[in-house]
Asker: 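Attaching a single structure in structure tokens format; questions to follow.
Indexing begins at 1, ligand by ligand and atom by atom, following the structure's order.
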Amino acid sequence: MASHIPRAFITDLIARTDIVEVIDNRVPLKKAGMNYSACCPFHNEKTPSFTVSPNKQFYHCFGCGANGNVISFLMEYDRLGFVEAVETLAAERGIPVPRSEAYQANAPVQQNLYDLVKQASDYYQQQLQGSAKARDYLNNRGLSADIIKEFAIGYAPDNWDNMQRCFEKPASEDLLKVGLLIKNDKNHCYDKFRDRVMFPIRDRRGRYVGFGGRVLGDGTPKYLNSPETPIFHKGSELYGLYEANQQRQHFSEMVIVEGYMDLLTLAQYGFRNVVATLGTSTTKQHLERLYRHVDRVVFCFDGDNAGRQAAWRALQVCLPLMQDGRQANFIFLPDGEDPDTLLRQQGADAFKTLVKQAEPLSSFFFRHLREDVDIESLDGKARLASLAKPLLSQMPEGAFKTMLYEELSKFTRLDSAKLQQFEIPRKASPSRPQRASHDQRRRKTNVRPTPMRVAIALLLQHPQLAEKTHNITKLAPLSLPGMDIFVELVDLAQTNPHLTTAALLEHWRDREHGDYLFKLAAWEHMLPDAGVEGEYLDTLKHLEKMGQHHEIERLLAKANEGSLGDSEKALLQSLISHTKEEG
Ligand SMILES: [Zn+2]
């Protein structure tokens, strides 16, 4: 029974989940503007009309009207009941589902951690103004004020107690949790980052999750990163991805570099399709995230031995992801060069050429394997085959895989069909049958935009508007259809300022008007971002007037019957004079 799972847990679960990832694992998505799209899994179509909004955490199909949040999607797509969908989602995240109302919501705690990191970042940014040394460093690296501001670069002064200066009441436990403080064996807390240029790391939603810090002077280590924390996971975050996504520009490829400064220098030279790993090797999650945006990923490594080894590790992570249409390429910088020296000496065009001519995965694959093999000898050929096969067998079926096997057969003079024959069989994944579109799905989201609907829709789609709803006490008593829903929504969003559209909707699942709210959440209001707040406030004013007119009419009708009480007379008087004032 749904009632056995605490609502707070469900809200929490939705907050911790990214609908884009959940859907993408089942229906591969492509970036399209600020949203993601695919051919709809719920009806038959050739051109994509199914969109997923990372901001609203909500999906919607313009073709058949299917819409909902991540739980709705699992219920529809995996054909699950509500409880099963919640359990599936929780299991995928490795979170046990609590069965008692005693569950303590985790979301506010998490949010608090994000806020702490953001505040620390603001503090470091301020401190940068006061440090000539840090500003000189950034200037010498050629970074402009615009880039410094965009990436919110700051400076951690050479103190042991920056965090105490930054926070009025330093919440030591939480600062330890996000890795800004360290505790020594005498139980004394001190700052992790001292005398370092600070690069804040933002997650895909733009939340501040951690830092990279580069030492000024000769200290070690040269680069220091935030540790793994409840909100920062190096294996899935990429430095610069949020900033790249903010560029309203279509990229045909993404470039992965190894360091913060490499990325910033490239950004300074106009290369905005760049991300950096955070002191770790590239992971499967990193690549899955990038291939959601582009078909081509270009790795940029130093040309030295360490660089080549890192590149080989990256290639191996790529292989299982190399479905047809995806490309991976490798740049090896000349020994002793980094993007900074290269750009300064040879300019942006030189790097553009490197990206364009980067070595394809197939070429690097065989070049690397052949390094240790005498390809002329029979022995060497057999060895090449035995090295290559376990790697190739990890690739998804398709033309690209076949091509690599054919190449292997050329080198080894072994028959490619035979080479492939002895592959360890992969678990077959049956292709999912097209879902029948049933009638109830054939509801389009045609909404006649009455002021009440506009107010509810805008609030649902932009929950942060709740805090701008200053006239709620005037609105609440008005007897307008839908007002009770609106008031509940405002209340919910004001008490939980971090709820997304998806989380708000969850409160109406299986309730009266639930369907109606899902429809309003999917409604395309066509307003530019900058116009949303103004439209919302105008609509509220309009509603207030509408309500007053209703009230006047009701009271006048009552007056005609001669049954108007004294207080009602006074109310009528004030309402009429009020509307006259406003003309
Ligand atoms: Zn559809």
Asker: Taking atom types as modelled, is there a side-chain donor on Thr539 or His542 under 3.5 Å from an acceptor on the other?
Answerer: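 Per modelled atom types, Thr539 and His542 side chains form no pair under 3.5 Å.
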Asker: Glu45 side chain to Cys40 main-chain N or O, any donor-acceptor pair under 3.5 Å?
Answerer: yes
Asker: Under a 4.5 Å cut-off applied to non-hydrogen side-chain atoms, are Leu290 and Leu241 in contact?
Answerer: yes
Asker: Please confirm whether Arg207 makes a cation-pi placement over Tyr114, using NZ or CZ under 6.0 Å from the six-membered ring centre and within 45° of the ring normal.
Answerer: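 Yes, a cation-pi geometry.
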Asker: Charged N to carboxylate O under 4.0 angstrom, Glu228 versus Lys234?
Answerer: no
Asker: Have a look around the Zn ion (ligand 1) and list protein N/O/S atoms under 2.8 Å, or say none.
Answerer: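 Those protein N, O or S atoms (cut-off: under 2.8 Å from the Zn ion (ligand 1)) are Cys40 SG, His43 ND1, Cys61 SG, Cys64 SG.
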Asker: Could you check whether any side-chain heavy atom of Asn245 comes within less than 4.5 Å of a side-chain heavy atom of Lys31, counting everything from C-beta outward?
Answerer: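 Sidechains of Lys31 and Asn245: in contact.
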